[in-house]
> 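My questions will all concern the structure given below.
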Amino acid sequence: MAFYITTAISYVNGAPHLGHAYEAIATDVIARHMRQRNEDVFFLTGTDEHGEPVADAAKDQGVTPQVLADENAARFRALLPQLDVSNDFFIRTTDAEHHRRVQEVLRRVHDNGFTYKGLYEGWYCPKCADFKVENEILDGNRCPIHEIALTREQEENWFFRLSAFQGRLEQLYAEQPAFVMPLQRFNEARAFVTSGLQDVSLSRARMNWGVTVPWDPSHVFYVWFDALLNYYTALGYARPGDDLTDRYWPANFHVIGKDILKFHTVFWPAMLMAAELPTPAHVFVHGFLLGADGRKMSKSLGNVLDPFEVLDEFGTDALRFYLMRDVQFGSDGPVGMEQVTVRYEAELANEYGNLASRTLAMLQRYRDGRVPEVDTDPALAESFAGLADDVVDLIDAAEVTGALELIWQRVRRCNRYVEERAPWQLARDPERAAELDQVLASLAEGIRALSVLLCAYIPVSARRLLDALRADDTRVEAAAFAARGSGATVSALAPLFPKR
RNA sequence: GGCCCGGUAGCUCAGUUGGUCAGAGCAGCGGACUCAUAAUCCGUCAGACGCAGGUUCGAGUCCUGCCCGGGCUACCA
């Protein structure tokens with residue numbers, strides 16, 4: 001089955017930071033897992049490059065918006081391979097093909113009668129040449145930047161008849177209780193819809209850094225509408241000569257941060273309805289990463305976790321593991337270098353890495369590196385029963401943290417199993433060779449099954465261990481605990497997660 | 001103000017439809033073992049499950065009120 005998943009696209013008016021990495025990694029875990037299930041996966045990410053902030057920043061730097069966008073888009077794009085993110089395409093909203101398709105879709109919205117020319121009225125700062133939002137205005141209606149008095153002004157805009165979709169959106173929320181996840185966000189979005197919808201402006205006339213409105217070329221589309229459409233337009237040109245739209249649309253998952261909830265859970269489905277396009281199955285809203293002190297990360301507080309520092313110190317898999325493990329996906333959570341160290345040493349090095357080391361070492365020492373081809377221990381098999389299915393169910397619900405916890409319970413179980421059976425004692429008694437065979441075969445099988453499931457989270461390390469075990473099948477089906485030892489001759493493996 | 005989440009051992013949190021539900025991990029303390037990256041394993045400590053009522057044979061688990069923390073309450077992207 002087709003499985004289409006996206007991250008939000010990053011706004012290029014800034015540098016990539018941990019938040020971008022977090023979202024990309026979480027989405028990548030789901031995408032990789034789905035590929036392990038032989039789903040026909042398409043994973044999209046990219047950059048959002050239009051709008052006033054980019055135009056303004058470019059002006060400040062004395063370059064054209066396109067030059068600025070090119071520079072910054074390259075930085076975002078370069079981040080992905082560093083994180084081992086396996087996106088299938090990287091869309092830029094400045095792509096010509098994107099422009100063309102945005103115009104196509106919104107033309108249809110226009111033709112269907114869901115737009116009209118109206119007046120946007122708001123508080124305007126003549127120095128900023130920009131309207132200010134209600135909650136950013138200082139007391140006395142003053143500009144937050146210039147602190148000068150704002151004037152009440154109007155601008156002629158094209159409007160989108162969001163209000164016309166109130167009923168259909170309510171219906172969507174009634175029929176798809178998992179349209180927005182987790183539940184708190186669903187409630188939030190639904191409450192917003194229920195409270196009554198106003199029309200929203202669809203175009204801007206004061207600015208030209210955007211996609212031209214085809215029926216009124218003096219306007220460009222409001223950046224959000226252009227940006228949201230990336231999820232749809234990308235499928236049209238990601239594979240030159242092959243339109244993937246029918247194959248993948250609508251998306252299974254849009255993974256986003258809570259700050260852009262409204263755009264994705266209200267505006268976006270309404271716009272798709274207006275264009276007569278199917279709406280996505282799920283919008284998953286993740287939380288924010290906080291400083292180790294639980295406060296919002298900020299340079300002045302000095303509580304920022306630098307992803308590149310983690311990558312340098314511990315590596316890509318460690319960063320991926322840490323973020324998926326330590327912060328419940330869907331909630332906010334504190335992160336810090338100390339916590340990274342604890343998870344790395346206690347779990348990746350001591351529990352998983354060392355489990356691999358001791359297992360391989362015993363195979364080498366007691367059986368010349370060969371996994372005995374004997375029946376595995378039903379007691380250990382029992383501990384793995386249902387694991388892969390449970391992981392599958394949790395990932396279906398985007399519960400990447402919960403799934404990892406289940407996997408990790410079995411990592412611990414394997415270490416306990418080693419102690420229970422004490423293979424080094426069995427090795428001293430030739431009469432108990434059969435028992436030792438069983439224990440070693442079972443342990444090899446255990447770390448193999450675990451590594452298959454861990455491929456989505458720590459792809460490089462899991463793969464290294466599987467290679468050492470001569471086990472190349474990474475499909476989720478292969479995560480079932482086998483009834484017999486593989487008979488493979490394993491190879492030596494340097495510590496997967498060396499301690500410093 | 002209204003609405004939505006949450007408030008469970010020192011810390012981070014699990015606890016499905018009410019009846020071994022009082023748990024896990026980390027931290028602390030004690031012990032065992034040696035295959036392993038001095039890794040691992042076992043035991044142990046503590047908690048009136050935010051407060052007060054209520055429903056029930058029985059409630060972290062349902063109802064009401066209150067307290068505390070967080071979020072949303074529209075056009076910054």
Side-chain angles (χ1 to χ4, degrees), chain A residues 8-14 48-57 120-122 128 130-136 144 157 159-160 162 182-202 204 222-227 258-263 266-267 285 287-288 290 294 325-328 330-334 339 342-343 345-366 401-402 405 408-409 412 414-427 436 439-440 443 493-500:
Chain A
I9 50 177
S10 305
Y11 200 61
V12 292
N13 187 33
D48 176 11
E49 310 186 9
H50 293 132
E52 240 163 58
V54 169
D56 291 350
Y120 175 80
E121 183 179 306
C128 296
D130 190 15
F131 285 97
K132 296 297 163 186
V133 195
E134 212 54 57
N135 60 16
E136 64 177 338
N157 276 177
F159 275 73
F160 172 56
L162 182 63
L183 182 62
Q184 178 181 176
R185 301 303 170 193
F186 177 89
N187 291 337
E188 223 172 275
R190 187 181 51 186
F192 180 78
V193 171
T194 309
S195 72
L197 297 176
Q198 300 165 25
D199 294 341
V200 292
S201 52
L202 178 66
R204 292 288 134 98
Y222 173 42
V223 63
W224 259 110
F225 287 88
D226 146 31
K258 62 184 185 180
D259 52 333
I260 54 178
L261 173 108
K262 204 182 308 167
F263 296 101
V266 182
F267 295 17
V285 186
F288 288 156
L290 308 172
R325 182 90 172 117
D326 222 28
V327 178
Q328 177 66 38
S331 304
D332 291 354
Q339 290 84 337
V342 168
R343 289 284 185 191
E345 296 197 345
E347 300 190 330
L348 287 176
N350 294 351
E351 293 183 336
Y352 178 65
N354 185 54
L355 173 64
S357 292
R358 66 200 306 208
T359 300
L360 291 174
M362 287 190 282
L363 282 168
Q364 199 58 250
R365 185 155 164 170
Y366 302 136
T401 309
E405 167 62 20
W408 219 255
Q409 285 172 6
R412 297 197 165 113
C414 285
N415 275 318
R416 240 178 291 132
Y417 182 75
V418 177
E419 302 302 321
E420 283 170 15
R421 303 301 303 271
W424 50 90
Q425 284 178 15
L426 299 177
L436 181 57
V439 171
L440 295 178
L443 281 172
L493 183 65
L496 285 174
F497 298 98
K499 292 207 274 191
R500 300 157 307 150

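Every value quoted in this text rests on a predicted model; they were computed, and no experiment measured them. Each chain gets a letter, A, B and so on, in the order its sequence line appears, and its residues count up from 1.
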> Expressed as a whole number of angstroms, how long is the span from Q184(A):CD to G6(B):C1'?
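It works out to 8 Å between those atoms.
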
> Parallel, tilted or perpendicular for F267(A) and F263(A), by the 30°/60° rule?
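Because their plane-to-plane angle is over 60°, the rings of F267(A) and F263(A) count as perpendicular.
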
> Taking pairing as Watson-Crick or G-U wobble with both contacts under 3.5 Å, can you name the mate of G60(B), or confirm there isn't one?
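Base-paired to nothing in any strand shown.
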
> Just the atom pairs and distances: protein N or O near nucleotides 26-36 of chain B's N or O, under 3.5 Å.
residue: C33(B); atom: O2'; partner: W424(A); partner atom: NE1; Å: 3.4
residue: U34(B); atom: OP1; partner: R428(A); partner atom: NH2; Å: 3.4
residue: C35(B); atom: O3'; partner: R365(A); partner atom: NH1; Å: 3.3
residue: C35(B); atom: O2; partner: R358(A); partner atom: NE; Å: 3.0
residue: C35(B); atom: N3; partner: R358(A); partner atom: NE; Å: 3.4
residue: C35(B); atom: N3; partner: R358(A); partner atom: NH2; Å: 2.6
residue: C35(B); atom: N4; partner: R358(A); partner atom: NH2; Å: 3.1
residue: C35(B); atom: N4; partner: E419(A); partner atom: OE2; Å: 3.4
residue: A36(B); atom: OP1; partner: R365(A); partner atom: NH1; Å: 3.4
residue: A36(B); atom: O2'; partner: N354(A); partner atom: OD1; Å: 2.4
residue: A36(B); atom: N1; partner: R358(A); partner atom: NH2; Å: 3.3
residue: A36(B); atom: N3; partner: N354(A); partner atom: ND2; Å: 3.0
residue: A36(B); atom: N3; partner: R358(A); partner atom: NE; Å: 3.2

> Could you pick out which residue, P495(A) or Q198(A), lies toward the 5' side of RNA chain B when each is mapped onto its nearest nucleotide?
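So the residue in question is P495(A).
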
> Using a heavy-atom cut-off of 4.0 Å across all strands, would you classify G196(A) as base, sugar-phosphate, or nothing?
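It contacts base atoms.
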
> Check every strand shown and say whether K499(A) touches a base, only sugar-phosphate, or nothing at a heavy-atom separation below 4.0 Å.
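Contact class for K499(A): base.
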
> Hey, does D326(A) reach any base, or is it just sugar-phosphate, or nothing, if we go heavy atoms under 4.0 Å?
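Nothing: the residue D326(A), judged by heavy atoms under 4.0 Å, touches no strand.
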
> Using a heavy-atom cut-off of under 4.0 Å over every strand shown, decide if Y222(A) touches base, sugar-phosphate, or nothing.
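The residue Y222(A) makes sugar-phosphate contact but no base contact.
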
> Any side-chain N or O of K258(A) under 4.0 Å from OP1/OP2 of C72(B)?
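The answer is no; no side-chain N or O of K258(A) sits under 4.0 Å from OP1 or OP2.
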
> Describe the nucleic acid contact of S195(A) in one word from base, sugar-phosphate, nothing, applying a heavy-atom distance below 4.0 Å.
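The answer is nothing, as S195(A) stays clear of every strand by at least 4.0 Å.
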
> Students often get this wrong, so: under 4.0 angstrom with heavy atoms, is W224(A) touching a base, only sugar-phosphate, or nothing?
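Answer is base: heavy atoms of W224(A) come under 4.0 Å of a base.
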
> Would you mind telling me which residue lines up with the more 5' stretch of RNA chain B, Y417(A) or Y352(A), judged by nearest nucleotide?
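Counting from the 5' end, the first nearest nucleotide belongs to Y352(A).
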
> When you measure from the side chain of Y120(A), which nucleotide among C75(B), U37(B), C72(B) comes out closest?
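Of C75(B), U37(B), C72(B), C75(B) is nearest to the side chain of Y120(A).
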
> Verify the contact: side-chain N or O of N350(A) to OP1 or OP2 of U40(B), cut-off strictly under 4.0 Å; return yes or no.
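Checking N350(A) against U40(B): at least one side-chain N or O falls below 4.0 Å of OP1 or OP2.
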
> Are any of R204(A)'s side-chain N or O atoms less than 4.0 Å away from OP1 or OP2 of A77(B)?
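For A77(B), OP1/OP2 do have a side-chain N/O of R204(A) under 4.0 Å.
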
> Please give the nucleotide sitting opposite C51(B) as a Watson-Crick or G-U wobble pair, both distances under 3.5 Å, or none.
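Matched C51(B) with G65(B) under the 3.5 Å cut-off.
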
> Would you classify L360(A) as touching base, sugar-phosphate or nothing, given that sugar-phosphate means primed atoms plus P, OP1 and OP2, and contacts are heavy atoms under 4.0 Å?
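Nothing, no heavy atom under 4.0 Å.
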
> Now, which nucleotide makes the Watson-Crick or G-U wobble pair with C33(B), with each of the two distances under 3.5 Å?
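Partner of C33(B): none.
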
> At under 4.0 Å, does any side-chain N or O of R416(A) touch on OP1 or OP2 of C42(B)?
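R416(A) to C42(B) OP1/OP2: side-chain N or O found under 4.0 Å.
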
> May I ask you to say what L197(A) touches in the nucleic acid, namely base, sugar-phosphate or nothing, with a heavy-atom cut-off under 4.0 Å?
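Base, at least one base atom sits under 4.0 Å.
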
